[in-house]
Protein chains: 2
Amino acid sequence: MTYSNKDKFYLAVDCVIFGFDNDKLKLLLYKRDFEPQKGMWSLMGGFLRINETLDDAAYRVLARITGLRNVFLEQLSVFSNLDRDPADRVISIGYYALINILDYDDRQLKQYGAQWFAIDELPVLIFDHAEIVGKSLRRLKRKAKTQPIGFELLPENFTITQLRNLYEAIYQRRIEPANFRRKIMSMGLLNRLPIKDMNNSRKGAFLYSFNKEKYEILTAKGFSFDLSGI
Amino acid sequence: MTYSNKDKFYLAVDCVIFGFDNDKLKLLLYKRDFEPQKGMWSLMGGFLRINETLDDAAYRVLARITGLRNVFLEQLSVFSNLDRDPADRVISIGYYALINILDYDDRQLKQYGAQWFAIDELPVLIFDHAEIVGKSLRRLKRKAKTQPIGFELLPENFTITQLRNLYEAIYQRRIEPANFRRKIMSMGLLNRLPIKDMNNSRKGAFLYSFNKEKYEILTAKGFSFDLSGI
DNA sequence: CCAAAAGTGTTAAAGGTACACCCATGC
DNA sequence: GCATGGGTGTACCTTTAACACTTTTGG
């Protein structure tokens, strides 16, 4: 072949899977089921196969553990330190996924010994996975300000308070409820449903859904989602 | 070996090299010197070797063509389409570099048939290199707002007008000189030299240099470089 | 009626935008 | 002295930030 004098490498994907559980940002981790470091906590991972792209591989890994398809999944970056895997040279492409925490297949999860961990109570992870998690978190914080990706972590319908709780979890600080509400409503991207969530107050809080179609139309016209000033 | 049943892949790096030439943003391209598509314009690239990281490989490629080390170089993302290289399956990691256009080794450049092209007058590129360039440009536009990377494209000493010209080239729009000046000066990151550049006006314009040490100290204290509002 | 969360109003401070104007100097 | 790009002043407007206030309703 043309490049036959060049070196070849093992390629893996590792997925950071975010979920949001009412007031805490969480990660889905699993107990590694092969050597080396079998039994330690790890990101979901898998090796790239010759007939698939990296995105394909990442979706395959995600579906294997959670049973989910059609979720938000994005490439993060490449990790290529010479000794990141002690067993052999493996270059890993980090991915991060945002999923609705109520939505996964619980049997599959149990089968793989997978478990949700609060983002500030993570166990020790294998290899350089802590670094991959750190980078994912920074990416999430950056992206959530300028793209409507937060909704991926919530159920289809949600209250403004839930949405604010999510942003408070991501940015780890209090956000003024009145100002947050006005800011998000002023974009005109939320559909109010004729339903109230009565769980948290006597008055009840209206449920909303994100209007993705409208977002795409507005974006095509030059609109930018922007929560940078909250 | 542990993973011996897994597939292996060729890995390449491709570098988008930005330069700034007084009023135009430019890219350094070269005529590809091996098959397939020998003779076509291409990004600087090379294959990963077993004893180096991807960053190492990208620096090696950059040094081979420009003679430069210690320049800004950052990973962009991975391109893994099955047929991106018609000759064989090659996964490419895109990088982008910001260099001072006056600083490269001209002999090396000529030797490789390399040439600077204005960003809006690029030739047809091989493979998916146009996509890699597009992604680099979006990254540069995003990053230049929140990190002081613009200075990498300028000489050590520069006038405020030159700096503004650079940002105007990156964002392809006019920036109000008075407001830009105030904004950049208010960060307190520029050292004014007791020298005036007399090339463009009778009055002369003071030269400044970027105070990297101060930037790092301020950043450690929570400061953020921010030109988002200009 | 009251507690508590949902939701609205209001105002001061900060930041962005536009443009008028002064400054220095070689010709 | 005047043309020219460098550099400053300033007034208007929008956005942010903080907090007081009103609304709703099960108990």
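Here the structure is a predicted model, which is why all the values come from computation and not from measurement. Per chain, numbering begins at 1; letters A, B, ... match sequence-line order.
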Quiz item: Can you tell me how far C1' of D:dG5 sits from CZ of B:Phe180, to the nearest Å?
Solution: 16 Å

Exercise. Check the distance between C:dA6's P and A:Leu163's CG and give it to me in whole angstrom.
Key: 13 Å

Self-check item: Pair B:Ser209-B:Asn157, side-chain donor/acceptor within less than 3.5 Å
Solution: no

Exercise. Write down the distance between CZ (A:Arg181) and C1' (D:dT16), rounded to a whole number of angstrom.
Key: 18 Å

Practice problem: Grab the CZ-C1' distance between A:Phe158 and C:dA6 for me, whole Å please. | Solution: 16 Å

Quiz item: Looking at B:Phe158 versus B:Tyr208, is the centre-to-centre ring distance below 6.0 Å?
Solution: no

Practice problem: Inspect the contact between A:Arg84 and A:Asp14 and indicate whether a charged nitrogen and a carboxylate oxygen are less than 4.0 angstrom apart. | Solution: yes

Quiz item: By a strict heavy-atom criterion of less than 4.0 Å, which residues belonging to residues 182-207 of chain A are in contact with DNA chain C?
Solution: A:Arg182, A:Asn200, A:Ser201, A:Lys203, A:Gly204, A:Ala205, A:Phe206

Quiz item: Are B:Glu176 and B:Arg174 close enough for a salt bridge, meaning some N to O gap below 4.0 Å?
Solution: yes

Practice problem: Determine the contact category for A:Thr159: base if any of its heavy atoms lies under 4.0 Å from a base atom, sugar-phosphate if only primed atoms, P, OP1 or OP2 are that close, otherwise nothing. | Solution: nothing

Practice problem: Write down the distance between CD1 (A:Ile175) and C1' (D:dT16), rounded to a whole number of angstrom. | Solution: 14 Å

Self-check item: Separation of D:dG6 P from B:Tyr208 OH (nearest whole Å)
Solution: 12 Å

Exercise. Could you state the atom-to-atom distance from CG of B:Leu227 to P of C:dG16 in whole Å?
Key: 10 Å

Quiz prompt | Check: B:Ser224/B:Asp226 side-chain N/O donor and acceptor closer than 3.5 Å | solution = no

Self-check item: 5' priority, DNA chain D, between B:Ile160 and A:Asn179 [closest heavy atom]
Solution: B:Ile160

Quiz item: Using a distance-only test with no angle check, is there a side-chain donor-acceptor pair under 3.5 angstrom linking B:Tyr96 and B:Glu74?
Solution: yes

